[in-house]
Amino acid sequence: MRDLSKWFFAAGALCALAGMAWGIQMSATHDHTLSPAHGHLNLIGFVTLTIYGIYYALTPGAAQTKLAPIHLGISLLAVIILVPGIAMAISGAGETLAKVGSIVTIATMGLFIFMILRHGVGVKQ
């Protein structure tokens with residue numbers, strides 16, 4: 001995927017924007033019940049996706065692999081499952097989605113470690 005890092009950055013920025021809006025909403029309503037979900041949206045959604053994007057921007061050889069777009073897809077899936085799952089767990093609607101999201105999130109980090117060990121960091125001369 002040619003612009004892989006761009007998609008990681010864009011997704012991360014969207015998560016940051018949503019996290020900021022959610023934080024403002026929590027502040028305005030004085031209801032911080034879902035702050036753990038908000039925190040995970042910022043951490044996994046913004047920080048982690050952005051770090052992945054930086055890696056792929058610095059290491060274009062890794063970005064050109066067939067595994068790289070799968071990494072993007074699984075990473076997006078992790079955020080989409082984990083954040084609502086945490087909100088549901090806090091709200092008493094069950095923890096299953098949060099548990100599945102946690103496993104998917106760990107898988108994205110495992111895949112990231114694999115990519116680093118396989119391709120290194122930076123452009124190879």
Side-chain angles (χ1 to χ4, degrees):
M1 178 178 268
R2 191 157 186 235
D3 294 324
L4 186 75
S5 60
K6 174 181 79 172
W7 291 109
F8 272 111
F9 286 138
L14 283 172
C15 288
L17 181 63
M20 290 173 183
W22 196 359
I24 291 169
Q25 180 270 335
M26 286 190 298
S27 179
T29 62
H30 303 283
D31 182 0
H32 296 88
T33 305
L34 298 178
S35 60
H38 157 77
H40 279 77
L41 176 60
N42 288 317
L43 180 62
I44 305 301
F46 173 60
V47 176
T48 304
L49 291 176
T50 301
I51 289 171
Y52 293 165
I54 291 167
Y55 172 74
Y56 286 114
L58 291 173
T59 315
Q64 297 302 318
T65 65
K66 291 181 182 180
L67 204 50
I70 293 169
H71 189 207
L72 173 62
I74 295 172
S75 298
L76 295 174
L77 186 64
V79 175
I80 291 168
I81 294 173
L82 182 63
V83 173
I86 293 170
M88 288 172 63
I90 293 167
S91 301
E95 297 180 356
T96 303
L97 204 58
K99 291 175 181 178
V100 170
S102 296
I103 291 167
V104 176
T105 301
I106 288 173
T108 68
M109 188 57 69
L111 185 51
F112 184 52
I113 292 166
F114 173 80
M115 296 298 276
I116 292 168
L117 295 175
R118 173 76 175 93
H119 300 282
V121 178
V123 179
K124 295 190 179 186
Q125 301 293 342

Query raised in the report: Does one hydrophobic cluster hold both V83 and I80, with members joined at side-chain heavy-atom distances below 4.5 Å?
Result: no
Requested in this report: To the nearest 0.5 Å, tell me how far L43 CG sits from H38 NE2.
Outcome: 11.0 Å
Query raised in the report: Transitive ILVMFWY cluster of L14 at side-chain heavy atoms under 4.5 Å: who else is in it?
Result: none
Requested in this report: Indicate, with yes or no, if I74 and I106 share a hydrophobic cluster defined by side-chain heavy-atom contacts under 4.5 Å among Ile, Leu, Val, Met, Phe, Trp and Tyr.
Outcome: no
Query raised in the report: Do L76 and I70 belong together in a cluster built from hydrophobic side chains that touch within less than 4.5 Å?
Result: yes
Query raised in the report: Side-chain heavy atoms under 4.5 angstrom apart, residues restricted to Ile, Leu, Val, Met, Phe, Trp, Tyr: same cluster for V47 and L17?
Result: no
Query raised in the report: Out of curiosity, does F8 fall in the hydrophobic cluster containing L67 (side-chain heavy atoms, cut-off under 4.5 Å, transitive links)?
Result: yes
Please tabulate, for the side chains in residues 107-122, all donor-acceptor contacts under 3.5 angstrom to protein atoms that are two or more places apart in sequence or on a different chain.
{"unit_1": "T108", "atom_1": "OG1", "unit_2": "Y52", "atom_2": "OH", "d": "3.2"}
{"unit_1": "T108", "atom_1": "OG1", "unit_2": "T105", "atom_2": "O", "d": "2.6"}

Report summary line: Heavy atoms of Y56 and A68 approach each other most closely as CE2-CB, 3.8 Å
Query raised in the report: Any idea which heavy atoms bring I81 and P84 closest together, and the distance?
Result: O-CD, 3.6 Å
Query raised in the report: How far does CG of L49 sit from OG of S5, to the nearest 0.5 angstrom?
Result: 12.5 Å
Requested in this report: Not counting sequence neighbours, which residues clear side chain to side chain donor-acceptor pair (under 3.5 Å) with S91? List them please.
Outcome: none
Report task. Please name all residues satisfying side chain to side chain contact (heavy atoms under 4.5 Å, CB included) with L58, sequence neighbours left out, ordered by chain then number. Result -> I54
Report summary line: Minimal heavy-atom distance between C15 and V79, with the atoms involved, is SG-CG1, 4.0 Å
Query - Between CD on residue Q25 and CG on residue L34, distance to nearest 0.5 Å - result: 8.0 Å
Query raised in the report: Roughly how far apart are L4 CG and F9 CZ, rounded to 0.5 Å?
Result: 10.0 Å
Less than 3.5 Å apart, which donor and acceptor atoms pair up between the side chains of residues 96-104 and the rest of the protein, not counting sequence neighbours?
{"unit_1": "S102", "atom_1": "OG", "unit_2": "A98", "atom_2": "O", "d": "2.8"}

Query raised in the report: Between CG of N42 and OG of S35, what distance do you get to the nearest 0.5 Å?
Result: 11.0 Å
Query raised in the report: Can you list the residues that meet the ring-ring contact (aromatic ring centres under 6.0 Å, His included) rule with H40, with sequence neighbours excluded?
Result: none
